[in-house]
Amino acid sequence: HISARGIAGGIEICITFPTEYVKTQLQLDEKANPPRYKGIVDCVKQTVRDHGVKGLYRGLSSLVYGSIPKAAVRFGMFEFLSNKMRDESGKLDSTQGLICGLGAGVAEAIVVVCPMETVKVKFIHDQTSANPKYRGFFHGVREIVRTQGLKGTYQGLTATVLKQGSNQAIRFYVMTALRNWYKGDNPQKTINPLVTGVFGAVAGAASVFGNTPLDVIKTRMQGLEAHKYKSTVDCAIKIMKHEGPAAFYKGTVPRLGRVCMDVAIVFIIYEEVVKVLNKVWKTD
């Protein structure tokens, strides 16, 4: 099941990455006169004009390489915690789902997401430089480690832990609540994959509106100009002081599109991948 999640996640990332790219560029676009981008469409136009369509996929490799280990840590930790908290009938209530999701989010942030996201943000930010210095994934990682050490791949760890923890807490809380509502008094009731996809999209949307400010802070802390910020709190204060509260919701629309597509696509593909794996990978 973890392999299925990872494969589905990798396919989903390849489909939806341009929305992630645009979201990150808008979050990195600090207030200026005038700002680099006028909005989503302008960001896409400038990227395609300067770098071609492939420019919208800058930083994709870091997320693809991290999709399976991220899925392994997230769902492995969630299953471990939820198995400890389920009642005799195997039911997990929404509050328990929130706690398990929080644990899963913190674990994935520390083990996989922080270095993966740091590399992704640096690659995307590097593309706007006059002289981009990263030639590819492995060259970029080597340069980051050479110039900044391993800690260079762990920039914004606190913000990432807060973002991923709240992200998964909100998603699993909403998802568990919707699953329990749908099943009612029949815990064995099966859920159509399309219905599960809709539930996942709702849960994803809730997480976007709930923690985009943390996502903006995380992105700034991982960019090429992260040295301007002394800490997560200092970053938040400077954004509020120089750009106002609206800056904390930069990139909300493309992020919303990415997350909703993310969960819907992952669950739909996941069901098909599980069917294939069940045929070639026999388990007890």
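In what follows, every heavy atom counts, from backbone to side chain, and hydrogens, waters and symmetry copies are set aside. Positions are given from 1 along the sequence.
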Looking only at heavy atoms, the pair that brings T47 and G55 closest together is CG2-C, 3.6 Å
Residues A226 and M221: closest non-hydrogen pair is CB-O, 3.0 Å
For the student: nearest non-hydrogen atoms of A206 and V174, plus distance | CB-CG2, 4.1 Å
K38, NZ atom: more than 12 neighbouring heavy atoms under 6.0 Å = no
Which residues pass the ring-ring contact (aromatic ring centres under 6.0 Å, His included) test with Y173, sequence neighbours left out?
-> none
Same apolar cluster (I L V M F W Y, side chains within < 4.5 Å links), I217/L26 = no
Please test F172 against F78 for ring pair (Phe, Tyr, Trp, His ring centres under 6.0 Å), starting from the C-alpha separation and ending with a verdict.
-> CA-CA 9 Å; F172 280 110; F78 181 82; 4.0 Å; yes
Test log, rule side chain to side chain contact (heavy atoms under 4.5 Å, CB included), inputs D215 and F248 | CA-CA 8 Å; D215 191 42; F248 287 107; over 6 Å; no
Salt bridge (charged side-chain N to carboxylate O under 4.0 Å, His left out) pairs, two or more places apart, involving residues 97-106 | none
So, E79 side chain and G76 main chain: donor-acceptor pair closer than 3.5 Å or not?
-> no
Sequence neighbours left out, what pairs pass ring-ring contact (aromatic ring centres under 6.0 Å, His included) with at least one residue falling in residues 191-239?
-> Y182-F199
Any pair with a residue in residues 48-61 that passes salt bridge (charged side-chain N to carboxylate O under 4.0 Å, His left out), sequence neighbours left out, goes on the list, sorted by first then second residue, please.
-> R58-D126
Could you pull out the closest heavy-atom pair between N211 and S166, with the gap in Å?
-> ND2-OG, 3.1 Å
Taking only Lys NZ, Arg NE, NH1 and NH2, and the carboxylate oxygens of Asp or Glu, determine whether K218 and E117 approach each other closer than 4.0 Å.
-> yes
In terms of side-chain geometry, is the basic nitrogen of E108 or K70 positioned less than 4.0 Å from the acidic oxygen of its partner?
-> no
Check ion pair E20-K120 (N to O, under 4.0 angstrom) | yes
Can any side-chain N or O of K23 pair as donor or acceptor with the backbone N or O of G257 at less than 3.5 Å?
-> no
Locate the shortest heavy-atom distance separating G152 from K122; write the atom from each residue and the value.
-> O-CE, 3.7 Å
Heavy-atom pair with the smallest gap, counting every atom of C14 and V64 = SG-CG2, 4.1 Å
So with a 6.0 Å cut-off around NZ of K189, is the heavy-atom count from everything else above 12?
-> yes
Report the distance from atom SG of C114 to atom CD of Q222, rounding to the nearest 0.5 Å.
-> 5.5 Å
Is there a side chain to side chain contact (heavy atoms under 4.5 Å, CB included) between K250 and E243 once you walk through the steps?
-> CA-CA 11 Å; K250 282 187 173 184; E243 301 176 62; 3.2 Å; yes
Would you tell me whether D42 and Q46 have side-chain atoms, one donor and one acceptor, within less than 3.5 Å of each other?
-> yes
Name all residues meeting the ring-ring contact (aromatic ring centres under 6.0 Å, His included) criterion together with F137; count only those two or more places apart in sequence or in a different chain, and write none if there are none.
-> Y65
Side chain of S231, backbone of D234: donor and acceptor closer than 3.5 Å?
-> yes
Positive for side-chain contact (heavy atoms from CB on, under 4.5 Å) with V216, one of T212, T219, L214 | T212
Do NZ/NE/NH1/NH2 and the carboxylate oxygens of R220 and E225 come within less than 4.0 Å?
-> no
Applying side chain to side chain contact (heavy atoms under 4.5 Å, CB included), name anything that partners L81, two or more places apart in sequence or on another chain.
-> M77, C100
Consider only side-chain N and O atoms of Q127 and Y134, and report whether a donor and an acceptor are under 3.5 Å apart.
-> no
Could you give the distance from NZ (K163) to CD (Q168), rounded to the nearest 0.5 Å?
-> 8.5 Å
